[in-house]
Amino acid sequence: MDLSPNFAGILMGLTNCASNVASTLAPLFAGFVIKDEKNADEWAIIFYACALVLIISNAVFLVFGSTKIQKWNSQSDG
């Protein structure tokens, strides 16, 4: 809503879609990697993969993130 109040609904839909896809893929990935639930090494792979995703997404936000209203928010007819 901060980036573009005029297109907040579309932006919320896109981000919610991405989060739902990620929440669907996470247990599938864990099920693919983990064959023995008591094996700590397999769980470490899941932990490190999760940490990697969080670190990369945080770095992208730090580099490109902004709370300024974007130029494409205006609804010009031209």
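One-based numbering along the sequence shown.
Scanning both residues, Ser4 and Asn73, for their nearest heavy atoms gives OG-OD1, 2.7 Å. The two residues Trp72 and Phe7 have their closest heavy-atom pair at O-CE1, 3.3 Å. Counting all heavy atoms, side chain and backbone alike, Leu3 lies closest to Ser66 at CD2-O, 3.3 Å. What you find for Glu42 and Lys35 is that their closest heavy atoms are OE1-N, 2.9 Å.
Cluster membership check: Leu54 does not share its hydrophobic cluster with Phe47, using side-chain heavy-atom separations under 4.5 Å among Ile, Leu, Val, Met, Phe, Trp and Tyr. Cluster annotation: Trp43 and Phe32 are assigned to the same hydrophobic cluster (Ile/Leu/Val/Met/Phe/Trp/Tyr, side-chain heavy-atom contacts under 4.5 Å, transitive). Cluster membership for Ile34 and Ile45, using ILVMFWY side-chain heavy atoms within less than 4.5 angstrom, is shared.
Of the inter-residue distances, the one linking Thr15 atom OG1 with Ile10 atom CD1 reads 12.0 Å to the nearest 0.5 angstrom. In this structure, Ile55 CD1 and Asn58 CG are separated by 8.5 Å, a value rounded to the nearest 0.5 Å.
Side-chain contact between Val60 and Phe64: present, with at least one pair of heavy atoms (C-beta onward) separated by less than 4.5 Å.
With Asn20 contributing its side chain and Asn16 its backbone, the two residues share a donor-acceptor pair below 3.5 Å. Within the 3.5 Å criterion, the main-chain N or O of Lys68 finds a donor-acceptor partner in the side chain of Gln70.
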